[in-house]
Amino acid sequence: MNKVRVRFAPSPTGPLHIGGVRTALYNYLFAKKNGGEMLLRIEDTDQTRFVPGAEKYIIEAFHWLNIPFDEGVHIGGPFAPYKQSERKDLYWKYAKMLIDNGNAYYAFDTPEALDEMRKSCEANKQTFIYNSITRKTLNNALNLSAEEVQQKLDSGSHFVIRFKMPENKTIEMHDIIRGQVTVNTDTLDDKVLFKSDGMPTYHLANIVDDHLMEISHVIRGEEWLPSMPLHIMLYEAFGWEAPQFAHLPLLLRPDGNGKLSKRDGDRLGFPVFPLRWVDPKTGETARGYREDDYFPEAFINMLALLGWNDGTEQEIFPMEELIEKFSLERVGKSGAKFNVEKAKWFNHKYLQQKDNAEIAKSLMLTLHENGVEADAQYVEKVVAVMKERVNFTHEIWTECRYMFQRPESYDPQSVKKRWKEDTPQVMENIVQLLTDISNWKNQTVHDALMNYIQEHELSVGQVMNSLRILMVGSSSGPDLTTMMDLFGKEETIERIKIGTQSIVNL
RNA sequence: GGUCCUUUCGUCUAGCGGUUAGGACGUCAGGUUUUCAUCCUGGUAACGGGGGUUCGAUUCCCCCAGGGACUACCA
């Protein structure tokens with residue numbers, strides 16, 4: 001087998017969505033598994049759809065994901081340039097080559113005329129196909145003399161170049177994921193290869209570049225399956241060896257039907273993009289996994305398992321293991337609905353494995369943004385006790401503010417349930433008791449409280465939960481004396497005093 | 001409408017002719033905990049329908065139905 005070379009070839013028409021990320025990921029895994037290379041090529045042959053910032057976004061996304069390319073627009077390489085608009089001059093030669101060998105022809109039909117025909121066919125419940133039958137009656141070189149064609153070209157008439165699809169030919173193709181796929185050429189049309197604006201279409205540019213860049217495997221989304229026959233025919237027309245194809249199943253919407261799309265994220269409350277995206281025209285923003293505080297490793301792990309598994313019951317795979325175990329043969333055939341809960345679960349799993357100091361570092365940023373300055377060592381200790389309780393780093397702040405700030409209010413329900421007539425008196429005694437503790441530690445505080453409770457024949461739950469309300473503001477949170485240990489003696493006593501006063505005043 | 005792809009618990013999936021159809025997320029119940037969460041244990045829940053082939057089909061074939069993609073001088 002030739003060297004494995006794959007490509008990821010997005011169009012810079014907007015942010016990369018997670019389906020695209022998964023396609024790139026599978027390309028990457030496949031390449032690395034087989035000791036091959038992966039390149040990033042920008043397919044910007046449609047000038048009208050160009051979105052500024054999209055290319056930068058794509059590169060940044062892969063940087064965040066820690067998926068490196070071996071060659072590409074951003075790093076160059078032996079087959080540069082890697083942007084199709086910069087390769088523009090090259091495609092004409094290949095289009096001409098197909099004309100010369102009879103596999104393509106000039107066509108002069110106007111878009112309006114074709115539109116008209118499509119409409120009238122539709123009205124008659126028929127499908128207009130520009131193919132071996134209809135091409136005989138249309139405005140193209142096949143129906144004109146060489147002189148007429150030359151005259152049109154010389155006079156600067158707008159033209160396109162179309163592929164001359166053979167008549168009634170059965171094409172049998174092989175897809176690594178889907179196996180044998182068979183199509184009859186009569187259902188296909190004479191696709192435009194070269195547009196009147198002087199740019200190639202996707203089909204031409206893609207085939208030419210894949211060939212020139214020595215791509216061995218084309219791994220792409222299933223939306224491209226219908227054009228696989230055209231692409232195979234193109235390789236044949238050029239006399240080139242075609243790469244192997246693998247068409248990945250699509251990522252579907254979690255609720256209803258259809259392909260996962262840009263809008264779904266906001267509606268359903270989860271990002272469909274790796275990074276936050278701000279539309280340069282409208283200013284609209286779309287959430288990103290990075291900004292939602294997912295670990296890139298967790299995000300990748302989740303995505304990898306959406307359509308692939310290694311046949312065992314393992315679900316947590318670090319990147320190295322994904323590379324080691326990945327195979328296209330084990331990629332599923334049917335579309336997968338995206339599930340946010342599972343995504344969160346993956347992040348939870350990765351959070352538990354992470355180093356506390358590292359989490360603390362990131363948490364400090366969140367704290368800082370919220371105007372909280374905390375000691376790094378303290379934050380790390382908080383992380384150690386709190387991380388198992390949350391899915392995301394930032395939740396150690398949003399869900400556990402009491403670890404950094406005194407409660408601002410006291411949950412009425414909890415107070416009603418736990419706060420009794422004699423509680424203020426008990427708290428006053430406890431303040432005294434705690435004040436006398438010289439060796440402030442989880443254990444000593446715990447023992448002191450337990451002794452007090454026993455001596456006064458109080459209920460453990462009653463006392464501890466009242467204290468918890470004063471520490472946290474509600475009936476939740478980690479082990480009480482662990483928390484008190486973290487807070488320190490002074491803060492603990494302050495919280496008891498302040499809280500008791502506030503509740504009494506209610 | 002046409003073409004192609006696809007179809008196992010609510011979701012992601014294992015299964016590649018003979019299984020009590022397994023796992024994970026979710027959900028429910030119980031346990032652990034001074035609370036909540038985590039965690040642990042257990043339960044719930046699936047082969048779209050109809051024909052074949054076969055001693056035997058979730059598994060192979062055909063038809064239907066559902067779902068998806070494509071059907072542009074967009075990728």
Side-chain angles (χ1 to χ4, degrees), chain A residues 9-13 43-46 48-49 107 109-111 114-115 118 121-122 124-129 158-162 175 177-178 181-184 186-189 191-203 205-206 221-229 247 249-250 252 254-255 257-259 302 305-316 330 332-346 348 352 386-390 399-400 414 417-418 446 449-450 453 459-469 472 474-481:
Chain A
S11 286
T13 55
E43 310 219 325
D44 57 346
T45 51
D46 185 359
T48 63
R49 292 213 309 159
D109 317 88
T110 65
L114 293 173
D115 257 5
R118 285 196 188 92
C121 272
E122 207 173 312
N124 297 321
K125 297 210 167 186
Q126 288 184 316
T127 315
F128 173 76
I129 307 179
H158 280 279
F159 69 89
V160 299
I161 295 175
R162 286 183 181 272
D175 181 281
I177 292 169
R178 278 147 225 289
V181 179
T182 309
V183 178
N184 186 291
D186 282 354
T187 66
L188 272 21
D189 51 10
K191 280 282 177 213
V192 171
L193 301 177
F194 202 88
K195 300 184 276 187
S196 59
D197 66 357
M199 284 291 247
T201 59
Y202 167 84
H203 302 292
N206 184 268
E222 195 188 337
E223 69 267 27
W224 294 109
L225 192 55
S227 38
M228 179 161 67
H247 289 92
L250 263 18
L252 272 17
D255 59 343
N257 319 309
K259 190 160 75 152
M302 179 272 292
L305 271 282
L306 217 50
W308 171 87
N309 70 80
D310 75 338
T312 72
E313 280 165 6
Q314 183 176 347
E315 295 202 273
I316 301 297
R330 288 205 61 87
K333 294 176 179 15
S334 53
K337 286 184 183 168
F338 182 79
N339 183 269
V340 212
E341 291 307 316
K342 191 78 184 244
K344 289 180 183 167
W345 176 80
F346 273 108
H348 176 83
Q352 305 321 308
M386 305 305 275
K387 73 170 181 183
E388 65 178 31
R389 311 171 64 85
V390 298
E399 308 291 311
C400 322
S414 307
K417 189 172 173 195
R418 305 290 188 185
H446 186 263
L449 285 173
M450 283 313 187
I453 290 164
S459 130
V460 176
Q462 189 59 44
V463 174
M464 300 299 248
N465 281 304
S466 301
L467 274 169
R468 172 177 301 284
I469 292 170
V472 173
S474 70
S475 296
S476 66
D479 178 71
L480 188 64
T481 50

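Below, chain A is the first sequence line, B the second, and so on; all start at residue 1. Given the structure is predicted, the values throughout are model-derived calculations rather than measurements.
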List every contact pair, protein side and nucleotides 27-29 of chain B side both N or O, where the distance is under 3.5 Å.
none

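- Between A:T201 and B:rA75 there is no side-chain polar atom (N or O) within less than 4.0 angstrom of OP1 or OP2.
- Toward the 5' end of RNA chain B, the nearer of the two residues A:G332 and A:Q126, judged by each one's closest nucleotide, is A:Q126.
- Comparing B:rU34, B:rG26, B:rA75 against the side chain of A:M464 picks out B:rU34 as the nearest.
- Picking from B:rC74, B:rG2, B:rC12 the nucleotide with the shortest atom distance to the side chain of A:L306 gives B:rC12.
- Here the nucleotide nearest the side chain of A:K342, chosen from B:rC25, B:rG22, B:rA75, is B:rC25.
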Under 3.5 Å, which N/O atoms of the protein pair with N/O atoms of nucleotides 3-8 of chain B?
residue, atom, partner, partner atom, Å
B:rC5, O2', A:R178, NH1, 2.6
B:rC5, O2', A:E222, OE2, 3.2

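- The nucleotide whose nearest atom lies closest to any side-chain atom of A:L480 is, among B:rU34, B:rA75, B:rC73, B:rU34.
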Dump the intermediate steps for salt bridge (charged side-chain N to carboxylate O under 4.0 Å, His left out) on A:E222 and A:K333, then the final yes or no. CA-CA 9 Å; A:E222 195 188 337; A:K333 294 176 179 15; over 6 Å; no
Name the pairs: protein N/O against N/O of nucleotides 39-44 of chain B, kept only if under 3.5 Å.
none

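- Across all strands shown, nothing is found opposite B:rC47 as a Watson-Crick or G-U wobble partner with both distances under 3.5 Å.
- For A:N465, the side-chain atoms get nearest to B:rU34 when compared with the rest of B:rG22, B:rU34, B:rC73.
- At the phosphate of B:rC73, OP1 or OP2 sits under 4.0 Å from a side-chain N or O atom of A:R162.
- Rounding to whole angstrom units, CD of residue A:E341 and C1' of B:rA24 are separated by 14 Å.
- With sequence neighbours excluded, no residue satisfies salt bridge (charged side-chain N to carboxylate O under 4.0 Å, His left out) with A:K387.
- Contact annotation: A:R468 does not reach the phosphate of B:rU33 (side-chain N/O to OP1 or OP2, under 4.0 Å).
- Here the P atom of nucleotide B:rC25 and the CZ atom of A:F338 are 16 Å apart, to the nearest Å.
- For A:K195 and B:rA75, the shortest distance from a side-chain N or O to OP1 or OP2 is below 4.0 Å.
- Summarising the geometry, the separation between NE2 on A:H158 and P on B:rA72 is reported as 21 Å, rounded to the nearest angstrom.
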Which letter, B, S or -, goes with each nucleotide of nucleotides 61-66 of chain B from 5' to 3', with contact meaning a protein heavy atom under 4.0 Å? ------
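- Across all strands shown, B:rC4 forms a Watson-Crick or G-U wobble pair, both distances under 3.5 Å, with B:rG68.
- Side-chain contact check for A:S474 and A:S476: at least one donor-acceptor pair (N or O, by modelled atom type) lies under 3.5 Å.
- Remark: A:Q462 engages no residue in a side-chain hydrogen bond (donor to acceptor under 3.5 Å, both in side chains) (not counting sequence neighbours).
- Place A:E315 and A:T312 on RNA chain B by their nearest nucleotides, and A:T312 ends up nearer the 5' end.
- Here B:rC12 is the nucleotide among B:rC73, B:rC12, B:rA75 with the atom lying nearest to any side-chain atom of A:K337.
- Taking atom CG of A:L467 as the reference point, atom P of B:rU33 lies 20 Å away to the nearest angstrom.
- With a 3.5 Å ceiling on both atom-pair distances, the Watson-Crick or G-U wobble partner of B:rC25 is B:rG10.
- The same atom, P, is picked in B:rG67 and in B:rU11; the two are 14 Å apart, to the nearest Å.
- Of the side-chain N and O atoms in A:N309, one or more sit less than 4.0 angstrom from OP1 or OP2 of B:rA14.
- Distance check on atom P: B:rC39 versus B:rA46 gives 26 Å, rounded to whole Å.
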